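Below is one structure, written out as structure tokens; the observations come after it.
Below, chain A is the first sequence line, B the second, and so on; all start at residue 1. Predicted, not measured: the structure shown is a model, and the values here were computed from it.
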Amino acid sequence: MSKKVRVRFAPSPTGGLHLGGVRTVLYNYLFARKYGGDFLVRIEDTDLSRYVQGAEEYIFDTLKWCGLEPDESVQHGGDYGPYRQSERKDSYRQYAEQLVKNGYAYYAFDTPEELEKMRHAPLAIGVKTEQTHTQQYDHTIRMKMRNSLTLSADETHKLLADGTRHVIRIKMPENETVSFTDMIRGEVSFETSLVDDKVLLKADGMPTYHLAVVVDDHLMRITHAFRGEEWLPSAPVHLLLWKYLFGLENMPQWAHFPLILGPAGKLSKRDGAKYGFPVFAMNWNDPKTGELTEGFKEKGFLPEAFLNLLALLGWNDGGEQEIFTKEELIEKFSMERVHSAGAKFDYEKAKWFNHEWIKKTTVDSLRSPVRNLFEQNKITVSDDVILDKVIGLVKDRCTLLPDFIQQSSFFFKAPESIDVDAVKPKWNEAKQLFFAELIRNYELAIEWNAHTLENNLKEIAAANNLKPGELMLPFRIMLVGGKFGPGVFEIAELLGKEETIRRISSAIKMFG
RNA sequence: GGCCCGUUCGUCUAAGGGUUAGGACACCACCCUUUCACGGUGGUGAUACGAGUUCGAAUCUCGUACGGGCUACCA
């Protein structure tokens with residue numbers, strides 16, 4: 001009988017959530033849903049100095065927009081709280097002390113200055129002339145530092161009793177090979193002698209990520225731990241901690257996701273401004289710098305499209321399907337099909353996903369976001385029936401939500417500028433007379449629909465020996481202002497008699 | 001520098017020893033469309049390199065090169 005699947009997303013509240021973060025959430029979520037498990041969010045705020053006001057709320061707002069709500073979290077409650085590590089501070093020290101007692105860790109009293117000196121000191125032995133790396137705090141040097149390994153028991157006790165600032169470091173074994181099976185990469189192994197003695201408990205009493213992740217994953221009964229590939233190098237530390245503290249047999253299964261790359265290496269928020277595409281899920285306004293980083297939401301992406309494109313960045317179902325609903329993703333997702341190589345983010349393809357989703361989304365679901373967009377742009381939309389027809393008419397030609405403005409604002413207010421140059425060179429008296437007659441004809445029209453309007457125009461054209469082809473473009477420009485938009489007679493139908501005639505007559509003056 | 005992970009069209013990827021190496025984005029051409037799109041058809045374009053194993057290698061092994069990540073009392 002296997003345990004109930006429990007997975008977690010563990011962000012630190014230091015800023016906006018970027019593509020990679022949301023994808024990690026997505027894969028966690030899909031995995032949990034697929035196996036009927038729990039998905040929880042744990043806030044990793046063990047570094048007080050990096051805390052950013054508003055970041056935590058932003059994370060939950062983002063998850064909400066994406067439709068990836070956790071089952072347990074600071075905001076959702078649950079039986080394994082608190083879900084904020086700063087509120088769990090007291091639970092970590094005992095584990096660190098236990099490690100010390102069992103000889104797996106030690107107290108270290110080195111000051112920042114001493115550490116700095118150690119890192120950059122030339123290698124003590126040997127004839128190395130150039131030093132291209134910094135010295136790690138590891139088994140080669142720990143016996144030369146100020147810690148409970150080099151100090152006598154009495155000295156150590158005295159320092160501790162005096163409240164001397166100290167940390168607790170893991171004592172990495174000197175000759176062990178640590179290996180584990182990653183769900184994506186298979187067997188991965190490390191030599192412990194090459195890994196440094198990472199700090200587990202900081203001088204301020206807070207745990208580092210290394211201790212906290214192991215303790216909390218255990219306390220929260222996590223069965224599968226997923227994170228980005230950047231964590232792979234510290235995996236041996238976590239493995240050892242599991243072995244020393246809770247037993248390897250209780251350790252969650254690991255999967256390290258491939259990185260999402262920008263045009264130059266690991267994707268950073270800087271890439272967004274630099275290359276002109278969003279990196280964060282939603283707009284993020286850094287309270288410290290005042291800097292605004294654009295989000296996919298505000299750029300005009302549908303959450304369904306955002307999830308879809310993220311899912312396919314590193315995973316595919318083996319077939320040729322590329323458009324998936326969240327439900328389909330839950331059904332088809334499998335960790336074994338997650339790629340091990342990093343994926344470079346392609347904004348063009350991202351836009352294609354959104355375009356596909358706009359085409360696929362019903363007018364009904366598009367109505368509200370599009371109406372909001374019009375309101376933001378100070379365009380009054382009074383009639384939802386008209387709005388629905390407009391959306392249906394233009395959605396195939398909208399890649400991002402704001403395209404609706406460009407593609408359909410002329411339905412609701414007269415175009416601000418008319419592309420006169422596209423008409424003028426071929427404008428003549430015959431055409432002028434034709435449109436004057438068209439106005440008279442339309443004024444008398446009883447049925448106002450695209451079909452009748454088109455027939456009438458063609459009849460008048462024929463009577464005046466004009467080719468409809470020469471008339472269509474001027475007519476379009478009169479109504480729309482430029483060379484774009486849906487069928488011109490459908491536009492006229494929606495515009496209504498009065499407005500159509502008004503635009504024709506005012507444009508005639510501009511062309512003449 | 002050390003360690004770890006990776007390497008199929010420009011990009012995302014399929015092909016779990018035998019395929020003319022498939023699809024999608026982007027790009028180009030044509031068709032449809034009296035605008036712009038949508039749609040349709042077709043095209044350009046890839047197994048990093050070198051050994052080995054094998055009748056046969058994109059696929060397995062080793063080496064090289066290249067790319068990325070990590071190397072904090074950050075996560």
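- For the residue pair A:Tyr92/A:Asp216, the side-chain donor-acceptor check at 3.5 Å is satisfied.
- Distances from the side chain of A:Leu232 to the nucleotides B:A26, B:C12, B:C5 place B:C5 closest.
- Between the CG atom of A:Asp197 and the P atom of B:C3 there is a distance of 18 Å, rounded to whole Å.
- Not one side-chain nitrogen or oxygen of A:His339 sits closer than 4.0 Å to the OP1 or OP2 atom of B:U7.
- Minimum atom distance to the side chain of A:Lys344 is reached by B:U11, of the listed B:U11, B:C4, B:G39.
- Using a 3.5 Å distance cut-off with no hydrogens or angles, the side chains of A:Trp352 and A:Glu348 do not pair a donor with an acceptor.
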*For nucleotides 57-73 of chain B, just jot down a letter per nucleotide in 5' to 3' order: B, S or -, based on protein non-hydrogen atoms under 4.0 Å.*
-----------SBSS-B
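- No hydrogens or angles were tested; on distance alone, a donor-acceptor pair under 3.5 Å links the side chain of A:Lys349 to the base of B:A24.
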*Base-contact (B) and sugar-phosphate-only (S) positions in nucleotides 30-35 of chain B, heavy-atom cut-off under 4.0 Å, - elsewhere*: ----BB
Throw together a table of side-chain donor-acceptor distances under 3.5 angstrom for residues 460-472 of chain A, partners on residues two or more places apart or in other chains.
unit_1: A:Asn464; atom_1: ND2; unit_2: A:Glu437; atom_2: OE1; d: 3.3
unit_1: A:Asn464; atom_1: ND2; unit_2: A:Ile460; atom_2: O; d: 2.7

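- Side-chain contact of A:Tyr107 with A:Glu97: a donor-acceptor pair under 3.5 Å is present, judged by distance alone.
- Judged by distance alone, the side chains of A:Arg337 and A:Asn316 do bring a donor and an acceptor atom under 3.5 Å apart.
- Taking the ring centre of A:Phe484 as origin, the terminal cationic atom of A:Arg397 falls outside the region bounded by 6.0 Å and 45° from the ring axis.
- Between A:Asn316 and B:A14, a side-chain N or O to OP1/OP2 separation shorter than 4.0 Å is present.
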